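One structure below.
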Amino acid sequence: MSTALVILAAGKGTRMNSDLPKVLHPIAHAPMLAHAMRAGAVLSPERTVIVAGHGADQVEAAAREVDETAQVVMQSEQLGTAHAVDQARDALRGFTGDVIVLYGDTPFVQPDTLDRMIAARAENDLVILGFEAADPARYGRLVMDGDQLHEIVEYKDATEAQRAITFCNSGLLACDAERLFDLIAQVGNDNASGEYYLTDVVTLARTAGLRVTAVACTEDQTLGVNSRADLAAAEAVFQARARAELLDLGVTMTAPDTVFLAWDTMIGRDAMIEPNVVFGPGVTVETGATIRAFSHLEGAHVSRDAVVGPYARLRPGAELAEAARVGNFVEIKNAVLAEGAKVNHLSYIGDANVGAHSNIGAGTITCNYDGVMKHQTEIGANAFIGSNTMLVAPVRVGDRAMTATGSVITRDVEDEALAVARNRQENKPGRAVKLFEFLKARKANRQKGAK
Ligand code: UD1
Ligand code: MG
């Protein structure tokens with residue numbers, strides 16, 4: 001059966017107290033809306049319609065990043081959830097099949113839950129997703145009658161007895177497209193909020209003799225984000241789930257609760273992630289690699305058996321080949337370290353290629369920026385860069401070449417050459433003692449003067 005997604009994302013999110021539309025607030029470095037879209041994508045929807053309102057241009061741009069074919073429709077006035085779904089009517093003209101309504105601020109619905117909603121559709125005309133709420137607060141209450149859903153009562157309109165119900169409405173539903181729009185056309189706004197409630201389709205469907213049921217899922221999937229505190233709670237839910245998935249895949253984490261993952265972090269089997277590692281977006285860590293404590297990675301690729309950290313920073317474009325090593329207080333940006341290359345201590349390697357098995361000494365810096373433009377540093381294979389070398393780019397150091405410690409390299413170094421670019425040392429016999437005496441005398445004079 002074909003499906004179409006309608007994702008409601010027009011709300012302002014007043015309680016976020018933000019200039020950013022609510023659905024664009026990030027969880028694990030992706031906007032909430034992107035999580036909701038990806039959750040729905042498991043159904044391989046024929047069409048995806050996003051209902052936008054506040055910050056529609058930004059919402060549209062974010063939606064297109066996830067799915068270029070997503071249609072974004074405007075709801076200029078937020079008159080309620082039924083009115084919001086109704087805005088998708090034209091975009092879904094000619095579509096036959098089921099509409100699944102998702103909320104842009106309810107990002108974590110799981111694939112098997114959507115499957116169960118679709119499965120329940122076989123026996124029912126309308127399927128609502130519900131959950132047992134630990135604290136039902138202001139959620140709509142699901143009034144069941146056996147396996148059938150009798151009605152949904154919004155908190156504001158509920159009696160005390162109805163408020164005691166803990167089975168709540170997530171807002172998600174599945175229904176045949178034509179039928180849903182027929183039902184929505186009949187929804188009025190005579191209620192405590194003066195809004196067009198999508199939840200009213202339940203009573204309308206039942207009155208028309210249709211079968212309506214509710215499928216239950218765990219509360220962590222229906223978690224709606226309305227405030228910054230909710231956003232932080234959603235982040236925690238995402239992190240807990242993502243960590244558990246990695247552990248299942250065979251990744252070792254000694255303190256998983258201290259590892260922070262991005263929505264797209266990929267880590268291979270038998271990789272080892274030490275405590276307090278933070279992943280920004282776009283990171284792949286291959287099997288057998290080790291990321292040591294307190295490292296920060298973003299837009300980086302770490303190959304098999306490479307070791308990163310402790311205290312390393314990999315920025316976008318960092319590409320570590322097999323068994324490469326990046327040690328403490330090293331920053332790598334837009335640079336390739338070929339197989340077995342080592343940058344072990346206190347270095348910045350940016351806009352560079354480092355050849356296989358080359359060793360970069362402590363304190364080495366690629367001076368890649370002249371204040372206006374960025375320049376490239378090329379280091380060959382099996383080269384040895386002495387400690388505290390300044391590589392003033394653009395510059396090339398050849399294969400099996402060396403630079404002397406403390407050199408400022410401004411010209412290319414040919415293969416197998418040793419470059420020495422520092423002042424020659426001069427030793428002055430006895431001069432240290434004289435200098436000490438001079439300095440002590442000066443200090444004594446100053447102290448006398450101060451009295
Ligand atoms: C809604 C449900 C409630 C359910 C709760 C779950 C209704 C009437 N109530 O209440 O039963 O327990 O969600 O979180 O449906 N939106 C629009 N346009 C509008 C109104 C809302 O796009 O005109 C979007 C919002 O941005 C949000 C979603 O729809 O993503 C839900 O709207 P919200 O106002 O949060 O509904 P609730 O009062 O929470
Ligand atoms: Mg809400």
Side-chain angles (χ1 to χ4, degrees), residues 5-16 18 20-25 31-33 35-37 39-40 49-56 58-60 63 72-88 101-109 126 128-143 149 151-158 162-163 165-173 175 180 183-184 187-204 214 216-217 219-227 230-231 233-234:
L5 298 179
V6 173
I7 306 183
L8 305 191
K12 187 169 177 208
T14 311
R15 281 189 283 151
M16 294 298 284
S18 173
L20 191 66
K22 174 161 83 171
V23 294
L24 298 189
H25 280 265
M32 249 187 267
L33 176 64
H35 287 273
M37 289 175 73
V49 185
I50 316 284
V51 181
H54 287 277
Q58 284 166 281
V59 169
E60 177 159 7
V72 178
V73 299
M74 262 309 269
Q75 186 196 23
S76 10
E77 261 187 301
Q78 278 74 58
L79 302 179
T81 44
H83 180 259
V85 175
D86 203 34
Q87 306 313 302
V101 175
L102 302 178
Y103 284 4
D105 62 354
T106 306
F108 294 145
V109 63
L126 171 62
I128 302 286
L129 180 65
F131 62 101
E132 275 299 331
D135 170 15
R138 304 182 69 79
Y139 286 117
R141 306 302 205 260
L142 299 185
V143 183
L149 177 59
E151 64 173 329
I152 306 180
V153 193
E154 287 306 296
Y155 177 84
K156 280 186 191 168
D157 304 292
Q162 288 167 331
R163 285 181 182 179
I165 296 173
T166 53
F167 192 33
C168 290
N169 177 29
S170 72
L172 277 59
L173 64 78
C175 185
L180 181 63
L183 292 168
I184 284 175
V187 172
N189 65 351
D190 181 17
N191 52 52
S193 308
E195 286 185 7
Y196 295 88
Y197 289 165
L198 182 58
T199 46
D200 283 358
V201 296
V202 171
T203 305
L204 289 165
C217 72
E219 194 169 0
D220 61 343
Q221 297 184 47
T222 59
L223 178 134
V225 175
N226 294 305
S227 64
D230 291 346
L231 185 67

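We count ligands from 1, going down the list as the structure has it; atoms in each ligand are counted the same way. Please read these numbers as outputs of a predicted model, since none were measured by experiment. Basis for what follows: all heavy atoms, side chains included, without hydrogens, waters or symmetry-related copies.
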One pair to check against side chain to side chain donor-acceptor pair (under 3.5 Å): Gln78 and His54. What are the steps and the verdict?
CA-CA 9 Å; Gln78 278 74 58; His54 287 277; 3.1 Å; yes
How does Ala82 reach ligand 1, by side chain, by backbone, by both or by neither, if only non-hydrogen atoms under 4.0 Å count?
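No part of Ala82 comes within reach of ligand 1.
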Under a 4.0 Å heavy-atom limit, does Val23 contact ligand 1 with its side chain, its backbone, both, or neither?
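Looking at Val23 and ligand 1, no heavy atom falls under 4.0 Å.
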Could you establish whether [X] and ligand 1 come within less than 4.0 Å of each other, counting only heavy atoms on the residue side?
X: Val51; answer: no
X: Gly11; answer: yes
X: His83; answer: no

Looking only at distance, does [X] have an N or O less than 3.5 Å from an N or O of ligand 1?
X: Tyr197; answer: no
X: Glu154; answer: yes
X: Lys22; answer: no
X: Asp105; answer: yes
X: Glu77; answer: no
X: Gly80; answer: yes
X: Ile152; answer: no

For a 4.5 angstrom cut-off between non-hydrogen side-chain atoms, does Val143 reach Leu149?
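When only atoms from C-beta onward are counted, Leu149 and Val143 do not touch, as no gap falls below 4.5 Å.
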Intermediate values then yes/no, side-chain contact (heavy atoms from CB on, under 4.5 Å), Met16 and Leu231:
CA-CA 9 Å; Met16 294 298 284; Leu231 185 67; 4.1 Å; yes
Would you indicate which of Arg15, Gln75, Gln87, Lys12 comes nearest to atom 17 (C) of ligand 1 when only heavy atoms are counted?
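Among Arg15, Gln75, Gln87, Lys12, the closest heavy atom to atom 17 (C) of ligand 1 comes from Gln75.
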State the atoms of ligand 1, each with its element, that fall below the 4.0 Å cut-off from a heavy-atom position in [X].
X: Gln78; result: 18 (N), 19 (C), 23 (O)
X: Asn169; result: 2 (C), 3 (C), 4 (C), 5 (C), 6 (C), 11 (O), 12 (O)
X: Ala10; result: 17 (C), 18 (N), 22 (O), 26 (O)
X: Leu8; result: 22 (O), 24 (C), 29 (O), 30 (O)
X: Thr199; result: 7 (C), 8 (C), 11 (O), 15 (O)
X: Gly140; result: 3 (C), 4 (C), 11 (O), 12 (O)
X: Ala84; result: 17 (C), 18 (N), 22 (O)
X: Thr81; result: 7 (C), 8 (C), 15 (O), 20 (C), 21 (C), 29 (O), 31 (C), 32 (O)

Cationic tip of Arg163 above Tyr155 ring, under 6.0 Å, 45° of axis
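Checked: cation-pi criterion met.
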Step-by-step side-chain contact (heavy atoms from CB on, under 4.5 Å) determination, Val85 to Val51:
CA-CA 7 Å; Val85 175; Val51 181; over 6 Å; no
When Phe131 is tested against each of Phe108, Tyr139, Phe167 for ring-ring contact (aromatic ring centres under 6.0 Å, His included), which residue passes?
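Exactly one candidate clears the test, Tyr139.
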Value rounded to 0.5 Å, distance of [atom1] in [X] from [atom2] in [Y]:
X: Leu172; Y: Ile128; atom1: CG; atom2: CD1; answer: 9.0 Å
X: Ser76; Y: Gln87; atom1: OG; atom2: CD; answer: 7.0 Å
X: Ile152; Y: Asp200; atom1: CD1; atom2: CG; answer: 8.5 Å

Run the side-chain contact (heavy atoms from CB on, under 4.5 Å) test on Asn189 and Leu79 for me, step by step, so that the C-alpha distance in whole Å, both residues' side-chain angles and the decisive distance to 0.1 Å come before the verdict.
CA-CA 9 Å; Asn189 65 351; Leu79 302 179; over 6 Å; no
Do the side chain of Ser170 and the main chain of Leu129 share a donor and acceptor less than 3.5 angstrom apart?
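Yes, the answer is positive, given that a donor and an acceptor are paired below the 3.5 Å cut-off.
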Ignoring hydrogens and angles, tell me if any N or O in the side chain of Asn191 forms a donor-acceptor pair with the backbone of Glu195 under 3.5 Å.
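Yes, Asn191 side chain to Glu195 backbone: donor-acceptor pair under 3.5 Å.
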Side-chain donor-acceptor pair under 3.5 Å between Tyr196 and Asp86, yes or no?
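No donor-acceptor contact under 3.5 Å links the two side chains.
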